[in-house]
Amino acid sequence: MKGNGAPDIDSLWRAIAPPRRDEVRQLDGDIRTDVAVVGAGYTGLAAAYALQKRGIDVAVLDAHTVGWGASGRNGGAVLPKFRLSYRAMASQHGLATAKAMHRIAHEGVDTVEALISEFNISEASFVRSGSLRCAHNQTAMRALVAEAEWTRDTLDDDTLEVFDRDQVTAEIGSSVFYGGVLSKDAGTVLPLNYARGLAAGLKERGVPIFENTPVSRIERTKNEATLHAPGGVVRARRVIVATDAYGHLTEATSHYAKLMIPFRTAAIATEKLPPILFDSLLKGHRSYNETRRMMKWFRKADGRVLFGGRGVLGKESAHEFAALRRALVSTFPQLVSARIEFEWSGNVGMTVNQLPHIGRDGDAAVYCLGYNGAGVSLSSVMGQAAAALAIGELPELSLTQADRLQTIPLHALATPAAKLAASWYTFLDAIGR
Ligand SMILES: Cc1cc2nc3c(=O)[nH]c(=O)nc-3n(C[C@H](O)[C@H](O)[C@H](O)COP(=O)(O)OP(=O)(O)OC[C@H]3O[C@@H](n4cnc5c(N)ncnc54)[C@H](O)[C@@H]3O)c2cc1C
């Protein structure tokens with residue numbers, strides 16, 4: 001059941017997904033539409049819905065199937081946050097900006113909940129159970145508490161609760177952490193079911209979604225974009241590029257991938273656990289993560305424990321999954337004999353300023369990407385903002401607004417540079433700094 005990077009990865013999410021209620025359809029012939037969306041992950045699907053609701057013709061194209069990218073592979077934590085802290089935003093850009101960003105992130109969670117309810121995606125199992133961030137040492141705990149107090153006092157956020165060491169230990173069934181902060185507004189979702197449910201609902205509303213349809217070339221004039229794919233040509237007044245960390249798949253979108261630092265993150269899932277063991281772990285049924293630079297996350301689903309983490313670069317390997325399993329067992333020694341039944345990984349769009357980017361590329365194109373590992377909620381809300389931007393509205397974008405397409409200089413060197421950074425961060429984590 002191992003993930004091998006092939007089109008249909010064998011993630012736990014794919015194994016437990018109910019049969020699709022919609023048919024997979026490829027582009028077969030030329031079409032004309034108002035807006036073409038490239039990418040059928042949360043960004044592209046949320047953008048398409050925002051347009052359909054306004055009565056605008058829209059078509060979605062994906063090189064693979066719905067949710068094949070990060071949207072079908074992620075940990076399913078629906079988080080009201082960006083990678084950059086609100087406190088850092090306030091000190092760098094002022095309090096009003098931090099407040100606007102705080103609002104956007106919390107709207108992200110509300111958007112996921114609203115979309116799931118509007119599209120009746122009960123199989124996404126959305127629960128607003130919260131997310132517990134666990135401190136891996138005393139210094140990290142002090143920083144977590146200071147950040148939570150600042151956010152509560154300055155942004156009037158009453159959704160954060162500090163847990164002491166005993167509370168964290170009692171809830172998660174591991175004594176390795178020094179305490180934590182619960183974000184009560186967060187939730188969990190079954191990620192692939194969410195993406196597929198959005199797609200099925202869009203099709204019911206008349207939005208065509210063409211799968212296994214890689215866009216190989218995009219020609220743009222001031223008023224039109226022409227998208228070329230093996231099955232035909234799509235002519236549109238606007239194109240929304242929603243390819244996030246998978247833009248490298250074809251020439252047409254590869255320069256958008258260069259706005260981000262290439263990072264991959266992996267996940268493993270245990271076999272179904274005996275009920276007594278299962279019930280003794282992660283009792284809050286939330287999403288969990290920790291404060292190490294090479295952050296690990298964990299949660300429960302389908303009677304199993306899932307454990308994932310950053311720090312995997314280059315090609316998937318048995319070695320990296322073995323490292324993840326070692327980290328799982330050192331956090332939860334009770335799982336030493338639990339078999340690992342699923343291993344998979346996916347690309348994460350990391351940006352230099354640790355914030356998502358939404359912007360125009362000429363008159364006919366809008367791109368929206370770079371969620372830095374917090375994309376379930378952010379892509380759902382920002383996809384809608386991308387749609388608004390594409391049709392000339394002025395959505396509140398705050399710090400996510402990208403003024404111009406700014407690819408990372410010497411992008412080819414970004415992978416080796418990221419590898420070096422990752423090994424340095426792993427070293428700092430290991431020595432407790
Ligand atoms: C293992 C993992 C765990 C994660 N955990 C979490 C988490 O717990 N919480 C959280 O908030 N975020 C998490 N993330 C991040 C989150 O999944 C992403 O930010 C989010 O799914 C991005 O959605 P998207 O629609 O922008 O991109 P994607 O879902 O990646 O979709 C992009 C799509 O574009 C298509 N595409 C690319 N190029 C072309 C082309 N030229 N033509 C046609 N189609 C093309 C691809 O086939 C793909 O389907 C995680 C990511 C990974 C990989």
Side-chain angles (χ1 to χ4, degrees), residues 3 7 9 11-13 27 36-48 60-83 105 108-109 112 131 186-189 191-192 194-195 198-199 209-218 227-230 234 239-257 260 263-268 287-289 295 297-299 306 308-310 312 324 343-350 356 358 367-380 382-383 386:
I9 61 147
S11 66
L12 169 66
W13 307 133
L27 182 66
V37 176
V38 187
Y42 307 138
T43 306
L45 299 170
V60 182
L61 299 91
D62 199 290
H64 297 288
T65 49
V66 165
W68 174 86
S71 298
R73 308 175 186 222
N74 65 70
V78 188
L79 304 168
K81 64 180 274 262
F82 295 87
R83 184 167 160 80
V109 182
V112 172
S131 178
T188 55
V189 78
L192 181 61
Y194 172 40
L198 287 176
I209 299 178
F210 301 108
E211 297 169 79
N212 301 316
T213 300
V215 174
S216 54
R217 191 153 54 93
I218 304 177
L227 287 70
H228 297 262
V234 179
V239 56
I240 296 176
V241 179
T243 51
D244 197 43
Y246 287 92
H248 62 277
L249 290 180
T250 76
E251 262 311 290
T253 48
S254 59
H255 59 291
Y256 298 103
M260 292 168 288
F263 247 89
R264 201 154 53 78
T265 173
I268 55 178
S287 67
Y288 300 84
N289 60 53
M295 188 266 283
W297 55 264
F298 32 101
R299 65 171 289 186
L306 281 73
R310 259 177 238 144
V312 203
L324 211 46
E343 299 174 340
W344 71 96
S345 73
N347 295 349
V348 177
M350 309 290 281
I358 178 165
Y367 59 94
C368 183
L369 42 74
Y371 306 102
N372 291 271
V376 179
S377 56
L378 295 179
S379 61
S380 301
M382 289 185 56

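Reckoned from all heavy atoms, side chains included, excluding hydrogens, waters and symmetry mates. Each ligand, and each atom within it, is numbered from 1 in the order the structure gives.
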Considering residues at least two apart in sequence or located in another chain, which fulfil the side chain to side chain contact (heavy atoms under 4.5 Å, CB included) criterion with A47?
I240, A387

No-hydrogen, no-angle side-chain donor-acceptor test under 3.5 Å, Y371 and N74
no

Mind checking what makes side chain to side chain donor-acceptor pair (under 3.5 Å) contact with T253, not counting sequence neighbours?
none

Testing the 3.5 Å rule here: is there a donor-acceptor pair between the side chains of S131 and S287?
yes

Can you tell me which residues line ligand 1 if we count any heavy atom under 4.0 angstrom from one of its atoms, in chain and number order?
V38, G39, G41, Y42, T43, L61, D62, A63, H64, W68, G69, A70, S71, R73, N74, G75, G76, A77, T213, P214, V215, A242, T243, D244, Y246, L249, T250, T253, T265, G346, N347, V348, Y371, G373, A374, G375, V376

For V348 and G373 the tightest heavy-atom approach is CG1-N, 3.5 Å

Please name all residues satisfying side chain to side chain donor-acceptor pair (under 3.5 Å) with N347, sequence neighbours left out, ordered by chain then number.
none

